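Since this is a predicted model, take the numbers as computed values, not measurements.
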Amino acid sequence: FSDCRLRAYDAIMKVRLGVFDLYEKSLLEMKTLYGRSTLDLEFKDDAGNFEEYNPNWIHLRAVKWAEDLDYDYSRPDSFPSEKIVIDPKTETVGQLEQKLSEALCIPMENLIVFLRHEHGYNNTSSTEYYNMTWRKPKLIADCSKFDHGKVLYCELGEHGARFDTYKWQ
């Protein structure tokens, strides 16, 4: 079995995650498996290599506001989006902003990024303006754990505008 390996799989993001290479242990005894419901069997490519993997990576979805779309917030996985891979321990908010700008074709100086926090206890949500100037030089790990669902809501706008003028609010 040297040409395949078992991986955790995020079916919503459609990405492979952790590698389970402890074949001597029973899967039921593996503590890192708890809470994961989907596994994927990964095979080496034609060159004999596995897909690149780094356990520090986080996969994010970036959604760009479009006037003609009707956004159903109960199904954020249905929004058209781009996948962004980051290493929060080594990359800054400014570097994330650069990746988002390139992926979404929004100039960096006009890119506005929001996190949406769903509050299950009272069925409400709140929006956090993420890419403020003071955060840009900071490591992503120092600014967010991305426990809001790993979706970044982005739009074309002006930094410093009134909050109620933004689309994602």
Side-chain angles (χ1 to χ4, degrees), residues 7-19 32-38 40 51-169:
R7 300 272 305 265
Y9 183 74
D10 184 330
I12 293 173
M13 295 288 287
K14 296 180 178 46
V15 295
R16 289 186 185 111
L17 302 172
V19 175
T32 55
L33 185 61
Y34 297 151
R36 301 203 192 269
S37 58
T38 307
D40 182 45
E51 174 183 283
E52 187 178 1
Y53 169 71
N54 181 328
N56 295 328
W57 287 347
I58 294 178
H59 298 266
L60 303 172
R61 289 179 53 237
V63 179
K64 180 181 177 180
W65 178 267
E67 293 292 337
D68 58 338
L69 290 180
D70 182 24
Y71 294 99
D72 179 1
Y73 289 101
S74 67
R75 296 196 49 237
D77 56 314
S78 68
F79 298 173
S81 61
E82 295 290 330
K83 290 180 193 163
I84 305 292
V85 179
I86 61 165
D87 183 340
K89 296 178 181 179
T90 63
E91 293 182 66
T92 65
V93 172
Q95 290 170 311
L96 170 60
E97 193 177 45
Q98 178 67 42
K99 287 181 178 185
L100 292 168
S101 174
E102 291 170 8
L104 301 174
C105 301
I106 298 175
M108 275 187 56
E109 62 272 8
N110 297 110
L111 176 66
I112 309 297
V113 181
F114 295 101
L115 307 181
R116 187 176 172 88
H117 302 278
E118 302 292 333
H119 308 292
Y121 58 88
N122 63 359
N123 205 24
T124 62
S125 65
S126 61
T127 305
E128 176 187 351
Y129 178 21
Y130 185 70
N131 64 327
M132 295 176 280
T133 304
W134 63 268
R135 277 191 178 150
K136 293 180 185 186
K138 293 181 176 273
L139 287 176
I140 295 167
D142 295 337
C143 297
S144 180
K145 293 180 179 71
F146 289 108
D147 55 1
H148 65 282
K150 296 183 175 63
V151 179
L152 301 175
Y153 297 90
C154 306
E155 66 182 71
L156 179 71
E158 297 295 325
H159 290 277
R162 284 191 4 234
F163 192 74
D164 63 356
T165 63
Y166 297 123
K167 310 291 189 238
W168 298 111
Q169 49 175 308

Open item on the list: Can you tell me how far apart CD1 (Ile86) and CD1 (Ile58) are? Round to the nearest 0.5 Å.
Closed with: 5.0 Å
- [ ] Identify the residue among Trp65, Phe114, Tyr130 that makes a ring-ring contact (aromatic ring centres under 6.0 Å, His included) with Tyr166.
- [x] Phe114
TODO: Identify the two heavy atoms, one from Lys14 and one from Tyr9, that lie closest to each other, and give their separation to 0.1 Å.
DONE: CA-OH, 3.4 Å
Open item on the list: Closer than 3.5 angstrom, by distance alone: can the side chain of Ser101 be matched with the main-chain N or O of Ile106 as a donor-acceptor pair?
Closed with: yes
- [ ] Please test Ser81 against Val151 for side-chain contact (heavy atoms from CB on, under 4.5 Å), starting from the C-alpha separation and ending with a verdict.
- [x] CA-CA 9 Å; Ser81 61; Val151 179; over 6 Å; no
Task: Closest contact, heavy atoms only, Glu128 versus Arg135 - done: OE2-NH2, 2.7 Å
Open item on the list: Which heavy atom of Arg16 sits nearest to which heavy atom of His59, and what is that distance?
Closed with: O-NE2, 4.0 Å
- [ ] Give the minimum heavy-atom separation between Tyr53 and Leu17, together with the two atoms involved.
- [x] CE1-O, 3.2 Å
Task: Over all atoms of both residues, closest heavy-atom pair of Ile84 and Ala103 - done: CD1-CB, 3.7 Å
Open item on the list: Would you compute the distance between atom CG of Asp142 and atom NZ of Lys89 and round it to the nearest 0.5 angstrom?
Closed with: 11.5 Å
Open item on the list: So, taking the atom named CG in Asp87 and the one named CD1 in Ile140, what distance separates them when rounded to the nearest 0.5 Å?
Closed with: 8.0 Å
Task: side-chain contact (heavy atoms from CB on, under 4.5 Å) between Trp168 and Ile112, worked out - done: CA-CA 9 Å; Trp168 298 111; Ile112 309 297; over 6 Å; no
Task: Asp10 side, atom CG; Thr38 side, atom OG1 - distance, nearest 0.5 Å - done: 8.0 Å
Task: Sub-4.5 Å side-chain heavy-atom contact between Leu69 and Phe79 - done: no
Task: CD-CD distance between Glu109 and Glu158, expressed to the nearest 0.5 angstrom - done: 9.0 Å
Task: Closest contact, heavy atoms only, Leu139 versus Pro88 - done: CB-O, 4.0 Å
Open item on the list: So does Ala8 get a backbone contact from the side chain of Asp40, meaning a donor-acceptor N/O pair under 3.5 Å?
Closed with: no
Task: Leu100 side chain near Leu152 side chain, heavy-atom distance below 4.5 Å - done: yes
Task: Heavy-atom donor-acceptor pair, Gln95 side chain to Thr92 backbone, under 3.5 Å - done: yes
Open item on the list: Quick check for you: to the nearest 0.5 Å, what is the distance between Leu111 atom CG and Lys64 atom NZ?
Closed with: 10.0 Å
Task: Contact check, side chains of Val85 and Val15, non-hydrogen atoms, under 4.5 Å - done: no
- [ ] Would you check if His159 and Asn131 make a side-chain contact, meaning some heavy-atom pair closer than 4.5 Å?
- [x] yes
